[in-house]
Asks: 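Got a structure for you, written out below as structure tokens; questions coming shortly.
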Amino acid sequence: MTDTSSTRPAEGEAQAPRRSRLHRLMRHLPLIAPVLLWAVPCWVLLYTGQHWPPPVALAGTALLAACLVCMPLALAHGHGRRRRDRAAIVGDTLLGVGWVLFTWSVLLGVLLRAALTVAGAGASQDRARTVTWAVLGVTAVLLAWGYAEARRVPRVRRLDVELPRLGAGLDGLRVVLVTDTHYGPLDRARWSARVCETVNALEADLVCHTGDIADGTAGQRRAQAAPLGTVRAAHARVYVTGNHEYYSEAQGWVDLMDELGWEPLRNRHLLLERGGDTLVVAGVDDVTAESSGLAGHRAHLAGALDGADPGLPVLLLAHQPKFVDRAAAAGIDLQLSGHTHGGQIWPFHHLVRLDQPALAGLSHHGGRTLLYTSRGTGFWGPPFRVFAPSEITLLVLRSPHPPASS
């Protein structure tokens with residue numbers, strides 16, 4: 001007892017400075033990031049040897065400075081307590097534009113400038129202006145394409161997934177996954193209806209939604225979510241919460257999905273039976289649920305599997321891919337997740353990988369656990385998807401012992 005208690009303060013004291021520095025950095029990040037996002041393009045495009053006429057330089061500087069001021073203000077009004085949708089649209093759009101402009105200002109400002117210098121192409125001023133026009137051109141093209149990608153109905157991604165413990169009677173089971181619809185400030189009720197029509201055309205046995213339905217409360221986004229009530233499945237429609245539900249009255253979303261005919265799998269399971277074989281379909285609350293303060297909300301895998309036959313294969317719905325560590329420890333056969341958006345706007349996926357074990361697609365974890373991570377059906381915040389297309393996923397489950405053909 002004495003030794004243990006005496007070492008803990010020392011460990012705590014050693015870790016305290018590190019935590020303190022990290023907390024200070026995180027506190028200042030909202031102030032630093034917008035400045036970098038707009039100051040770097042301003043410098044690269046206007047003040048690295050272009051020698052623009054003073055009115056051009058002044059107008060460009062004023063425009064980028066206005067974006068620097070407006071973006072955080074609009075984000076605060078749009079996503080703060082008041083949740084003003086028009087402000088959110090402005091702030092989210094500026095965030096996406098700033099990220100793409102920053103990325104290509106850095107990349108082309110270094111790589112293209114270096115290539116032009118090595119090639120001896122033109123005078124220094126000509127090379128600098130070429131970089132400016134290249135950055136602006138690439139940014140414009142990517143934003144236009146990214147907006148179209150974000151607003152279209154996702155393409156269907158189809159793949160077969162073999163589960164060694166799946167019974168022959170379940171071979172060919174069709175599981176459709178939609179996730180991260182993120183109904184939000186931009187009204188996407190028509191888009192939602194078209195997504196549901198696409199899902200119905202797939203003739204699924206099981207349809208899953210792995211969370212982040214919307215940004216806003218169920219009351220605010222009800223009209224956009226209502227088409228989910230038209231989704232058809234031969235056996236069941238199941239849903240689990242994502243982290244964004246816990247920013248916007250999660251219980252309201254659970255209740256609405258129940259009202260629309262979906263089964264909220266809040267740390268519980270149901271049995272799907274076909275051809276004499278059974279699949280356990282389980283779901284857990286998002287990992288952020290416990291810190292939300294909502295009574296009874298937490299990610300509890302043991303509770304989700306309570307009463308299930310351990311010899312049966314398990315399909316688990318968990319919003320975040322990082323839950324797969326717990327799933328693998330419990331011997332789950334297949335986990336379905338979303339959350340990552342595939343990065344949504346390149347190269348943001350590098351930051352996503354710091355927090356999640358998978359970005360998109362099928363991956364193996366532990367002895368037998370498979371994880372499928374969707375890039376998401378909608379988009380969060382900035383209405384752009386750049387090199388990270390959205391998807392509706394059709395997973396056809398395969399048994400290693402399919403039934404003999406008649």
Side-chain angles (χ1 to χ4, degrees), residues 33-46 48 50 52 56 59-75 77-79 85-113 128-155 180-188 190-191 194 215 340-352 359-360 375-391:
V35 173
L36 289 176
L37 213 58
W38 296 102
V40 170
C42 184
W43 176 254
V44 171
L45 301 180
L46 300 172
T48 51
Q50 290 88 349
W52 297 111
V56 173
T61 302
L63 176 62
L64 293 170
C67 291
L68 169 59
V69 173
C70 288
M71 186 188 77
L73 289 176
L75 288 172
H77 283 283
H79 297 287
D85 282 353
R86 289 183 180 178
I89 291 170
V90 171
D92 291 342
T93 301
L94 286 175
L95 178 60
V97 170
W99 175 254
V100 175
L101 186 62
F102 169 84
T103 298
W104 292 95
S105 292
V106 172
L107 290 178
L108 294 179
V110 173
L111 299 179
L112 179 58
R113 188 184 297 272
R129 292 191 177 189
T130 297
V131 168
T132 294
W133 291 118
V135 170
L136 293 176
V138 169
T139 298
V141 168
L142 288 179
L143 288 174
W145 173 60
Y147 181 78
E149 281 287 297
R151 296 303 301 266
R152 67 168 174 79
V153 174
R155 301 177 187 91
D180 299 272
T181 42
H182 283 285
Y183 303 124
L186 281 170
D187 186 2
R188 285 179 286 155
R190 291 179 60 189
W191 174 87
R194 292 172 63 200
D215 295 298
T340 69
H341 299 203
Q344 186 164 321
I345 303 177
W346 186 90
F348 195 77
H349 66 285
H350 290 301
L351 298 178
V352 175
L359 186 72
R375 290 187 297 254
T377 309
F379 61 85
W380 170 85
F384 308 104
R385 274 186 171 270
V386 178
F387 304 133
S390 55
E391 66 178 81

Asks: Which pair of heavy atoms, one from Leu112 and one from Ala134, lies closest together, and at what distance?
Replies: CD2-CB, 3.6 Å

Asks: For Pro383 and Leu186, which heavy atoms make the closest approach, and how far apart are they?
Replies: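 Closest heavy-atom pair between Pro383 and Leu186: CB-CD1, 3.9 Å.
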
Asks: Does a side chain donor of either His79 or Asp92 reach within less than 3.5 Å of an acceptor in the other side chain?
Replies: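 Side chains of His79 and Asp92: pair found under 3.5 Å.
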
Asks: Run the side chain to side chain contact (heavy atoms under 4.5 Å, CB included) test on Leu68 and Val35 for me, step by step, so that the C-alpha distance in whole Å, both residues' side-chain angles and the decisive distance to 0.1 Å come before the verdict.
Replies: CA-CA 7 Å; Leu68 169 59; Val35 173; 4.3 Å; yes

Asks: Apply side chain to side chain contact (heavy atoms under 4.5 Å, CB included) to residues Arg151 and Trp191 and explain how you reach the verdict.
Replies: CA-CA 8 Å; Arg151 296 303 301 266; Trp191 174 87; 5.8 Å; no

Asks: Less than 6.0 angstrom from the centroid, inside 45 degrees of the normal: does Arg385 satisfy that with respect to the ring of Trp346?
Replies: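 Verdict for Trp346: no cation-pi partner in Arg385.
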
Asks: Just by modelled atom types, is the Tyr183 backbone N or O under 3.5 Å from a matching donor or acceptor in the Thr181 side chain?
Replies: no

Asks: Please say whether more than 12 non-hydrogen atoms of neighbouring residues, nucleotides or ligands are located less than 6.0 Å from CZ in Phe348.
Replies: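 Count not over threshold, so no.
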
Asks: Quick one: does Ser390's side chain get under 4.5 Å of Arg152's, heavy atoms only?
Replies: yes

Asks: Checking Leu94 against Cys67 for the side chain to side chain contact (heavy atoms under 4.5 Å, CB included) test, could you report, in this order, the C-alpha distance in whole Å, the side-chain angles of both residues, the deciding distance, and whether it holds?
Replies: CA-CA 7 Å; Leu94 286 175; Cys67 291; 4.0 Å; yes

Asks: Other residues, nucleotides and ligands only: do more than 12 of their heavy atoms fall within 6.0 Å of CZ on Arg86?
Replies: no

Asks: Any chance you could measure Leu37, atom CG, to Ser105, atom OG, to the nearest 0.5 Å?
Replies: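 If we round to the nearest 0.5 Å, Leu37:CG and Ser105:OG are 9.5 Å apart.
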
Asks: Give the ring-plane orientation class for Trp145 versus Phe387, where under 30° counts as parallel, over 60° as perpendicular and anything between as tilted.
Replies: tilted

Asks: With rounding to the nearest 0.5 angstrom, report the CG to CG distance, Asp85 to Asp187.
Replies: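 Spacing of CG (Asp85) from CG (Asp187) equals 9.5 Å.
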
Asks: Kindly confirm or rule out a cation-pi arrangement of Arg188 over Phe379, judged by NZ or CZ under 6.0 Å from the six-membered ring centre and within 45° of its axis?
Replies: yes

Asks: Is any side-chain heavy atom of Trp99 closer than 4.5 Å to one of Val386?
Replies: no

Asks: Which atom pair, heavy atoms only, marks the closest approach of Ile89 to Pro185?
Replies: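 Scanning both residues completely, I find the closest heavy atoms to be CG1-CB, 3.7 Å.
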
Asks: Hey, are the side chains of Asp215 and Trp380 touching, using non-hydrogen atoms and a 4.5 Å cut-off?
Replies: yes

Asks: Got a second to check how far Trp104's CH2 is from Leu136's CG, nearest 0.5 Å?
Replies: 13.5 Å

Asks: Return the minimal non-hydrogen interatomic distance between Gly109 and Val44, and the atom names on each side.
Replies: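 Shortest heavy-atom separation between Gly109 and Val44 comes out as CA-CG1, 4.1 Å.
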
Asks: Are Val97 and Trp38 side-chain neighbours, meaning at least one heavy-atom pair lies under 4.5 Å?
Replies: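 Touching, per the 4.5 Å side-chain cut-off.
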
Asks: Considering non-hydrogen atoms only, spot the tightest contact between Arg113 and Thr48 and give its length.
Replies: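 In terms of heavy atoms, the two residues are closest at NH2-OG1, 2.9 Å.
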
Asks: Which atom names give the shortest non-hydrogen contact between Pro382 and Ile345, and what distance separates them?
Replies: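 Answer, listing the atom of Pro382 first, then Ile345: CB-CD1, 4.0 Å.
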
Asks: When you check the side-chain N and O atoms of His341 and His349, is any donor under 3.5 Å from an acceptor?
Replies: no

Asks: Return the set of residues passing salt bridge (charged side-chain N to carboxylate O under 4.0 Å, His left out) with Arg375 (not counting sequence neighbours), or none when no residue passes.
Replies: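 Arg375 satisfies salt bridge (charged side-chain N to carboxylate O under 4.0 Å, His left out) with Glu391 only.
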
Asks: Side chain to side chain contact (heavy atoms under 4.5 Å, CB included), that's the test. Do Leu101 and Leu45 meet it? Break it down for me.
Replies: CA-CA 10 Å; Leu101 186 62; Leu45 301 180; 4.1 Å; yes

Asks: Report yes if some heavy atom in the side chain of Val138 is under 4.5 Å from a heavy atom in the side chain of Val100; otherwise report no.
Replies: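 No; the side chains remain at least 4.5 Å from each other.
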
